[in-house]
Each structure stands twice: as structure tokens, then as C-alpha cells.
Amino acid sequence: MILLMMALVVAILLMGMPLFAGILAIAMLGFYAVEIDLMVIAIDMYRITETPLIEAIPLFTFAGYLLSASQSSKRLVKLTQAILGWIPGGLAIVAFITCALFTAFTGASGVTIVALGALLYPALQQAGYQQKFSLGLVTTSGSLGLLFPPSLPLILFGVIALQLDMPVSMTIEDLLVAGLLPGLLMIAMLSLWSMWMQRGNRIARQAFSFQELCAAIKESKWEIPLPVVLLGGIYSGLFALSEAAVVTVVYLLIVQVLIYRDIAIKKLPGLICESMVMVGGILIILTASLVLTSYFIEIEAPTRLFDWVSQQIESPLSFLITLNVFLLVLGAFLDIFSAIVIMVPLLLPIAVSFGIHPVHLGVIFLANMQIGYLTPPVGMNLFIASYRFGKPITEIYKATLGFMAVLLLSLLIITYWPALSLLFISD
């Protein structure tokens with residue numbers, strides 16, 4: 001009877017039931033089935049207040065909204081164009097870098113396509129890039145940056161992972177530094193592939209101008225220090241992640257509101273409300289996931305799942321192949337936050353049992369989700385790009401295939417070369 005009711009909840013979820021309600025319903029039915037007082041749900045939900053660094057989530061989310069509402073994207077494009085525009089294929093590299101940085105701070109690839117697509121797509125075509133190539137490049141660039149700090153999905157993965165009793169220690173700071181080299185690898189491989197694909201085309205290049213570079217630096221002089229201060233402060237130990245979030249918000253408020261005046265003070269309440277609505281959605285799903293995680297632990301679901309998986313899969317290599325295929329499919333159907341809160345409590349214990357470092361798993365997980373945004377038939381970025389540029393979805397599919405192949409190759413390197421992710425991690 002309980003299994004039937006759980007199946008009914010899953011069916012209603014597929015019909016549009018709010019995710020947090022479905023997760024809580026399944027957990028309640030589960031606890032009821034094993035005769036555990038449902039008061040434990042309230043206790044588990046309260047645990048969210050004791051979760052380390054939970055305050056960083058609303059602060060970094062608000063910082064992302066501040067950047068989205070400002071003219072930072074235009075200044076960032078102008079700066080990177082002044083630095084890299086003279087290189088063959090330089091504008092493509094500019095697109096990859098600016099989109100990755102923008103997504104890292106805003107935490108939303110769809111916002112990147114909408115905000116930067118209007119700048120980059122026409123610029124690429126004016127420079128001589130083919131329409132199909134330009135479409136694929138901008139659509140693909142929108143999902144870059146999820147591995148770069150202060151990526152919200154990285155923080156969320158860390159928050160959930162820290163709730164599990166893992167034999168291998170990790171911190172959220174470890175996750176943030178672990179994503180740097182894999183993220184740079186993806187950008188480098190996409191850049192090299194773009195340069196190779198355009199080798200026979202006459203692409204207009206911007207002559208290097210020291211005067212223009214100085215002007216771009218002067219225009220962006222208040223934004224350039226932000227990533228340096230943020231990353232330098234975290235990894236030097238000057239301040240913790242939550243303190244870094246406070247510094248980021250205060251700094252952006254001063255720069256965007258008082259210095260650049262991109263954002264009027266009267267618009268701040270609206271931005272705060274919009275960002276906190278998103279935070280509320282993330283936190284309520286996260287809270288529900290903690291309850292479900294407790295239920296999984298109570299019924300020893302990770303152990304049972306590992307026993308079953310180990311009967312089917314014998315080596316870590318086979319497990320990683322299966323994991324990548326599963327996560328790519330998952331990323332095409334679920335948004336990244338839902339995928340993290342539902343799957344991490346189940347997959348992390350199994351991965352650790354196969355000898356995979358939890359930080360490495362986090363990088364693999366998010367790299368897959370990043371590609372999942374582009375995976376047909378329902379990758380989110382495909383539909384956003386189709387709507388944004390007014391092109392048929394099938395045209396977007398075809399435009400992204402080459403870029404997706406490069407990302408899949410980089411995923412294989414990230415997966416089977418763990419030292420790339422763990423180079424800066426001290427055990």
C-alpha cells in the first residue's frame with residue numbers, strides 16, 4: 001500500500017506537483033511505513049539552520065542578481081575583447097570566457113544566454129562567423145562557469161555532501177578550488193576547437209590597441225578586483241566563504257549603485273525580492289532533501305544500493321562510465337538544483353565506496369549537469385536559445401552538436417584524470 005502511494009506521489013510529481021512537496025510526501029510515507037514518529041521530520045527540517053555556510057547561498061544569489069541588473073556584462077565583453085580580440089578566433093574565446101565568468105557569479109546559464117546573447121551573437125556574425133557556428137557557440141557558452149567559484153550549484157553540492165557521514169573529509173572551499181582546472185580545461189578545448197573550425201574563414205580580427213585596452217581597464221577598474229579579492233580572500237584564509245559572500249554583496253552594492261550608478265536605489269527592493277524568491281525555492285527544496293536523506297539513511301538505502309550496484313558493476317572504471325551516462329540523461333530532464341538535492345545523497349556514498357573522492361564526484365556531477373543543459377531532447381539551454389534568437393529548436397540542436405562533442409571529450413578527461421580536480425586539495 002505504501003509503495004503504491006509513493007508511486008502515486010511520483011506520478012503527481014511528473015504532472016507538475018511542486019518538487020519539495022513530493023519529496024516531503026515520499027519521506028512522510030517512508031517514515032510512517034517504518035513506524036518512526038513523524039516529529040523527526042520537523043527536527044530534520046530545523047537542521048537547515050545549523051548547516052555550515054548556509055548564509056552564503058542568499059548572499060551570493062543576491063550578488064548574481066546585482067550583476068545581472070547592471071552593465072557589467074557589456075564592460076566584461078569590452079575588456080576581454082580588448083585583451084583577446086587580436087588572436088585568431090579571439091571573439092569566440094571572448095564569448096567563452098565572459099559567459100563563464102558571468103554564469104559563475106549569477107549561477108544561472110539561462111540568464112547568461114539572455115544577457116550576453118544580445119551582445120555576442122550579432123558581434124560574432126558581424127565578425128564573419130557562420131550563423132550556425134555562432135548559434136552553437138552562444139548556446140554552449142551559457143552553461144560554462146558552473147565549475148567556477150562562487151558557483152551556487154557547487155556550494156549546494158557541498159552543503160548536502162556535508163550532511164552525510166563520509167569517511168573522506170571535504171569542505172566547500174575544496175569544491176570551489178577543485179572546479180578551477182576542469183573549468184579552464186573545458187574553455188581551452190572549446191577555444192582550440194573553435195579556432196580550428198574557423199581556420200579557413202576570413203574572420204575579422206580586432207587589431208591590438210594599447211590605448212583601447214587602457215580605456216577598457218579604466219572602465220572596468222572597479223569590477224576587475226572582485227574575483228581577485230574573492231578567491232584570494234578565501235584561499236589565503238583571510239575570510240571564510242560566508243564572509244566572502246558578505247564582502248561580495250557590499251562591494252557590488254557600492255560599485256553598481258554608488259560608483260557606476262547602473263542600478264538605482266529604488267530598484268534594490270525589487271531585486272532583493274526577486275533574488276530571495278529564488279533563494280526561498282532553493283532552501284525549501286534543500287530542507288525537504290535533508291528529510292529525505294534522513295529517511296534514506298534510516299532504511300540503509302545507500303548501502304543496499306551499493307550492494308546491488310556492486311553486483312552489476314565490478315570496477316570504479318565501469319561505475320564512472322555508467323555514472324556519466326546516467327547524469328547526462330538526468331541533466332537533460334531535471335534542473336541542476338533538483339538533480340543535486342535528489343541524487344547526491346544516493347550517489348555520494350556509492351562513489352566513495354568505489355574509492356572516488358567526494359570532491360572529484362562533485363566536479364564530475366556538475367560537469368555532467370553543465371552538458372545536460374545542452375542534451376536533447378529537453379536540455380534547458382536549447383529552448384532558451386531557441387526563444388532568445390527566434391530559431392527552430394532543431395536548428396539549435398544541430399548548431400550545438402560539435403561543441404557538445406568537445407565538452408564530452410573534456411568530461412572524459414575530467415572523469416578519468418582525478419588529479420586535475422584534486423591537485424589543490426590537501427587530504
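Quick note: residue numbers are just sequence positions, from 1.
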Return the set of residues passing ring-ring contact (aromatic ring centres under 6.0 Å, His included) with Tyr295 (not counting sequence neighbours), or none when no residue passes.
Phe31

Compare every heavy atom of Pro358 with every heavy atom of Leu348, then report the nearest pair and how far apart it is.
CD1-CB, 3.6 Å

Report, one line per pair, each donor and acceptor closer than 3.5 Å where one atom sits in a side chain of residues 262-274; sequence neighbours left out.
from: Asp262; atom 1: OD2; to: Gln71; atom 2: N; distance (Å): 3.1
from: Asp262; atom 1: OD2; to: Arg75; atom 2: NH1; distance (Å): 3.1
from: Asp262; atom 1: OD2; to: Arg75; atom 2: NH2; distance (Å): 2.7

So which heavy atom on Tyr251 is nearest to which on Pro225, and how close?
OH-CG, 3.7 Å

What residues, two or more places apart in sequence or in another chain, satisfy side-chain contact (heavy atoms from CB on, under 4.5 Å) together with Lys398?
Lys132

Step by step, work out the side-chain contact (heavy atoms from CB on, under 4.5 Å) result for Ile414 and Ser421.
CA-CA 7 Å; Ile414 292 167; Ser421 302; 4.2 Å; yes

Below 30° counts as parallel, above 60° as perpendicular, anything between as tilted: where do the rings of Phe157 and Phe365 land?
tilted

Run the numbers on Thr140 and Met404 for side-chain contact (heavy atoms from CB on, under 4.5 Å), then give the verdict.
CA-CA 8 Å; Thr140 304; Met404 188 173 177; over 6 Å; no

Would you compute the distance between atom CD1 of Ile396 and atom CG of Leu401 and round it to the nearest 0.5 angstrom?
11.5 Å

Would you say that Leu79 contacts Ile224 through its side chain, given a criterion of any heavy-atom pair below 4.5 Å between the two side chains?
yes

For the atom pair OG1 (Thr400) and CD (Glu395), what is the distance rounded to the nearest 0.5 Å?
11.0 Å

Atom pairs and distances, side-chain donor-acceptor, residues 316-333, under 3.5 Å, sequence neighbours left out:
from: Ser318; atom 1: OG; to: Ser315; atom 2: OG; distance (Å): 3.1
from: Thr322; atom 1: OG1; to: Ser318; atom 2: O; distance (Å): 2.9
from: Asn324; atom 1: OD1; to: Asn368; atom 2: ND2; distance (Å): 2.8
from: Asn324; atom 1: ND2; to: Leu320; atom 2: O; distance (Å): 3.4
from: Asn324; atom 1: ND2; to: Thr415; atom 2: OG1; distance (Å): 3.2

What heavy-atom pair brings Thr61 and Ile57 nearest, and what distance separates the two atoms?
OG1-O, 2.7 Å

Leu252 side, atom CG; Ser70 side, atom OG - distance, nearest 0.5 Å:
7.5 Å

Closest approach of Tyr129 and Ala92, non-hydrogen atoms and distance?
OH-N, 3.7 Å

Using ring centroids (six-membered ring only for Trp), state whether Phe133 and Phe403 fall under 6.0 Å.
yes

What pairs of donor and acceptor atoms, side-chain ones from residues 211-221 against any protein atom, are under 3.5 angstrom apart with sequence neighbours left out?
from: Glu212; atom 1: OE2; to: Gln206; atom 2: NE2; distance (Å): 3.0
from: Glu219; atom 1: OE1; to: Lys78; atom 2: NZ; distance (Å): 2.9
from: Ser220; atom 1: OG; to: Ala216; atom 2: O; distance (Å): 3.3

Counting only heavy atoms not in Trp193 (residues, nucleotides, ligands), do more than 12 fall under 6.0 Å from its CH2?
yes

Can you tell if the side chain of Ile340 reaches within under 4.5 Å of the side chain of Pro153, non-hydrogen atoms only?
yes

So, do Phe62 and Leu253 sit near enough that their side-chain heavy atoms are less than 4.5 Å apart?
yes

Met186 CE to Ser410 OG distance, which is reported to the nearest 0.5 Å
4.0 Å

Among Val344, Ile155, Ile342, side chain to side chain contact (heavy atoms under 4.5 Å, CB included) partner for Ile160
Val344

Taking Val94's backbone N and O only, do any of them form a donor-acceptor pair with Thr98's side chain (distance below 3.5 Å, no angle check)?
yes

Determine whether the side chains of Gln256 and Ser72 contain a donor N or O and an acceptor N or O closer than 3.5 Å.
yes

Just so I know, are the side chains of Phe424 and Leu181 near enough to count as touching, which here means a heavy-atom distance under 4.5 Å?
yes

For a 4.5 angstrom cut-off between non-hydrogen side-chain atoms, does Ser194 reach Phe96?
yes

Does the side-chain contact (heavy atoms from CB on, under 4.5 Å) test come out yes or no for Ser141 and Leu137, once each step is laid out?
CA-CA 6 Å; Ser141 300; Leu137 190 150; 3.7 Å; yes

Note, Phe148 side chain near Ile187 side chain (heavy atom, < 4.5 Å):
yes

With sequence neighbours excluded, tell me which residues meet side-chain contact (heavy atoms from CB on, under 4.5 Å) with Val250.
Val246, Ile254

In this structure, OG of Ser275 is separated from CG of Leu66 (nearest 0.5 Å) by 7.5 Å

Verify side-chain contact (heavy atoms from CB on, under 4.5 Å) between Ile93 and Met195, making sure each step is shown before the conclusion.
CA-CA 9 Å; Ile93 302 173; Met195 293 169 67; 4.0 Å; yes

Between the CG atom in Leu144 and the SG atom in Cys99, the distance rounded to the nearest 0.5 Å is 7.5 Å

Please name the pair of heavy atoms, one in Val359 and one in Leu175, separated by the smallest distance, quoted to 0.1 Å.
O-CD2, 3.9 Å

So which heavy atom on Leu147 is nearest to which on Val363, and how close?
CD2-O, 3.8 Å

Can you find a heavy atom in the side chain of Trp196 that is under 4.5 Å from one in the side chain of Leu192?
no

